[in-house]
Amino acid sequence: MADCEKITAPKEGSKVEFVNGKPKEIDDPTVVLMEGDGIGPDVVRAAVSVLEAAVAKAYEGKKKLVWFKVLAGESAIPVYKDVLPEDTLKAIEEYKIALKGPLTTPIGGGFRSLNVTLRQKFDLYACVRPVKYYDGVPSPVKNPEKVNIVVFRENVEDVYAGIEWKSGSIEANEIIEHINSKYGKNIRENSGIGIKPISAFGTKRLVRAAIKYALENNRKSVTLMHKGNIMKFTEGAFKDWGYEIAREEFANKTVTEQEVSEKFGGNTPEGKLLIKDRIADSMFQQILLRPEEYDVLATLNLNGDYISDALAAQVGGIGIAPGANIGNNAAIFEATHGSAPKYAGQDKANPSSVLLSGVMMLEFLGWKQAAKTIDDAYKKTIAQKIVTYDFARLMQGAKEVKASEFAQAIIANL
């Protein structure tokens, strides 16, 4: 790889090429690897060992993952004096696929979220969070097995676009003065100001991706989650544009809830994908009361952040929740939890989130056999009650093991 200061790309491995938004399948993809901060190195090492073993077993050595280790977050500071070095950005840009551990983001001052920065830098507009239950995992709800929902969260617009100004700043005061005087509003002095951009383009490509996923994976419905009853021209527009893209591009494959009621006697026609919408606060009730009625959720950035974590809590917590940030020319698969510096270097934290994100990566690369091999072994390991401390303390008769030992138990079950 050219023009890098302090890293050298592996001599083995091939670059992934995207065609029409999807990677071409190859036998030796180079994957950019960011271990991250805190517990990141522990959980990533455990996950990598399982991914390598599963690929070797599934394809008998005919396929392999080639890792390109780079630095980001606190671990990059001693080497680069920067939390997100240009070397790292160049590596992702060139090799397209990355697996990432958790990165620390300070609350309040300091640098903005590195996760958000990476999503915006590479236009990774779809945050995909599949949430399903593995039998035996401790859960706070009575029927966690009813949850099998994939969240498609718009990733680069909404309040996460980071367009905001501090209370008392020149910019905030100018905006307040302009809006109050020109449009007759009454924003209080010394307010912090944030802007919530929602575009037809951003909405439609996100909902398009959600509908395509649902059709390709034989899902039954896509639900547009929004707060359009209050924010009519942003969240309400998201709902309207979502229905619009379904009509424009998928008319022969989709049907709306209204059409089902008015034309089909309340029964979705065979072979049709149901498109519906729910108000955000109602959606939080629905995932608790009737989760089995929901399949794929398409939602804006902030709502998606909330609902994906709430869903994860129902099936065991974000420690077991995978995630991917996907664009038309790159994808980053990442742990969805924080860096938990309290447990750094103890080989203690549950590696499930980054491991299952790695499973998503294998599926994305077209390596479904290896992905299924891990999923089956993971289920078997949980059923054997061989788990890390977070689950062991909640499971009667569990055997508590280290992160690396949990990985080895999964490998033994491949």
Side-chain angles (χ1 to χ4, degrees), residues 20-21 123 125-131 148-161 196-287 289-308 311 326-328:
N20 297 323
D123 198 23
Y125 62 87
C127 179
V128 184
R129 297 274 300 269
V131 186
N148 188 356
I149 296 173
V150 181
V151 178
F152 273 72
R153 168 193 175 195
E154 200 290 318
N155 225 5
V156 295
E157 296 190 332
D158 200 0
V159 293
Y160 272 69
K196 178 186 176 78
I198 307 296
S199 72
F201 173 81
T203 295
K204 287 185 177 183
R205 67 177 180 175
L206 183 279
V207 177
R208 180 186 295 116
I211 292 174
K212 282 185 175 181
Y213 175 91
L215 291 170
E216 290 169 1
N217 291 276
N218 298 314
R219 295 282 182 154
K220 295 179 180 179
S221 69
V222 172
T223 304
L224 307 169
M225 176 184 170
H226 62 92
K227 191 63 178 171
N229 57 327
I230 303 300
M231 291 173 276
K232 301 182 186 301
F233 306 121
T234 51
E235 306 232 354
F238 174 85
K239 178 200 72 172
D240 295 340
W241 288 325
Y243 279 119
E244 194 173 295
I245 196 69
R247 288 194 306 271
E248 290 173 344
E249 299 184 13
F250 304 96
N252 62 333
K253 297 178 181 179
T254 63
V255 63
T256 66
E257 213 167 31
Q258 183 177 354
E259 289 170 335
V260 168
S261 176
E262 294 176 354
K263 299 179 182 179
F264 302 104
N267 298 309
T268 304
E270 188 71 27
K272 293 281 190 177
L273 177 69
L274 180 63
I275 309 295
K276 53 188 176 179
D277 72 275
R278 295 291 183 270
I279 301 295
D281 43 337
S282 170
M283 195 67 241
F284 278 91
Q285 293 187 69
Q286 296 295 303
I287 62 170
L289 300 174
R290 297 200 293 271
E292 68 276 13
E293 295 181 12
Y294 298 92
D295 210 336
V296 176
L297 298 184
T299 180
L300 290 163
N301 208 324
L302 185 61
N303 291 336
D305 194 0
Y306 294 153
I307 200 76
S308 55
L311 278 165
I326 300 172
N328 290 333

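- The side-chain tip of Arg153 points at the ring of Tyr160 from less than 6.0 angstrom away and within 45° of straight on.
- The two residues Trp241 and Ser199 come nearest to each other via the heavy atoms CZ3-C, 3.3 Å.
- Classification of Lys204 and Glu249 as a salt-bridged pair fails, no side-chain N sitting under 4.0 Å from a carboxylate O.
- Cation-pi geometry between Lys196 and Phe233 is not met at under 6.0 angstrom from the ring centre and within 45 degrees of the axis.
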inquiry  = I'd like to know whether His226 forms a side chain to side chain contact (heavy atoms under 4.5 Å, CB included) with Ile279, so could you lay out the CA-CA distance, the side-chain angles of the two residues, the decisive distance to 0.1 Å, and finally the verdict.
reply    = CA-CA 5 Å; His226 62 92; Ile279 301 295; 3.4 Å; yes
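- Asn328 CG to Tyr125 OH: the interatomic distance, rounded to the nearest 0.5 Å, is 4.0 Å.
- For the side chain to side chain contact (heavy atoms under 4.5 Å, CB included) test with Asp158, the passing option among Ile198, Thr234, Asp305, Asn303 is Ile198; the others fail.
- A donor-acceptor pair under 3.5 Å is absent between the side-chain atoms of Ser282 and the main chain of Arg278, judged by distance alone.
- In this structure, the side chains of Tyr243 and Asp277 come closer than 4.5 Å at one or more pairs of heavy atoms.
- A side chain to side chain contact (heavy atoms under 4.5 Å, CB included) with Tyr294 is found for exactly one of Val151, Thr223, Leu311, Ile287, namely Thr223.
- Distance CD1/Ile307 to CD/Gln286: 10.0 Å, rounded to 0.5 Å.
- Enclosure of atom CD in Gln258 is not indicated, since only 12 or fewer non-hydrogen atoms of other residues, nucleotides or ligands lie within 6.0 angstrom.
- The minimum heavy-atom distance between Thr254 and Ala246, with the atom names listed, is OG1-O, 3.7 Å.
- Side chains of Leu273 and Lys220 form no contact here, defined as non-hydrogen atoms less than 4.5 Å apart.
- Pairing each heavy atom of Arg247 with each of Ala251, the nearest pair is O-CB, 3.3 Å.
- Within a 6.0 Å radius of NZ in Lys212, no more than 12 heavy atoms belonging to other residues, nucleotides or ligands are found.
- In this structure, Glu235 and Lys227 approach most closely via the heavy-atom pair OE1-N, 2.6 Å.
- In this structure, Phe152 CZ and Thr299 OG1 are separated by 12.5 Å, a value rounded to the nearest 0.5 Å.
- Taking all atoms of both residues into account, the shortest heavy-atom contact from Glu293 to Lys276 is O-NZ, 2.8 Å.
- Residues forming a side chain to side chain donor-acceptor pair (under 3.5 Å) with Arg219 (at least two apart in sequence, or on another chain): Asn148, Asp295.
- Taking the side chain as every heavy atom from C-beta outward, Phe250 and Leu215 approach each other to under 4.5 Å.
- With rounding to the nearest 0.5 angstrom, the CZ atom of Arg208 is 11.0 Å from the OG1 atom of Thr203.
- In terms of heavy-atom proximity, Leu206 sits nearest to Ala298 at CD1-CB, 4.0 Å.
- Remark: side-chain polar atoms of Glu154 are not paired, donor with acceptor, to backbone N or O of Gly202 under 3.5 angstrom.
- One N or O on the side chain of Asn301 and one on the backbone of Asn155 form a donor-acceptor pair closer than 3.5 Å.
- Using a 4.5 Å heavy-atom cutoff, the side chains of Leu274 and Val255 are in contact.
- More than 12 heavy atoms of other residues, nucleotides or ligands lie within 6.0 Å of OH in Tyr213, so this atom counts as buried by the packing criterion.
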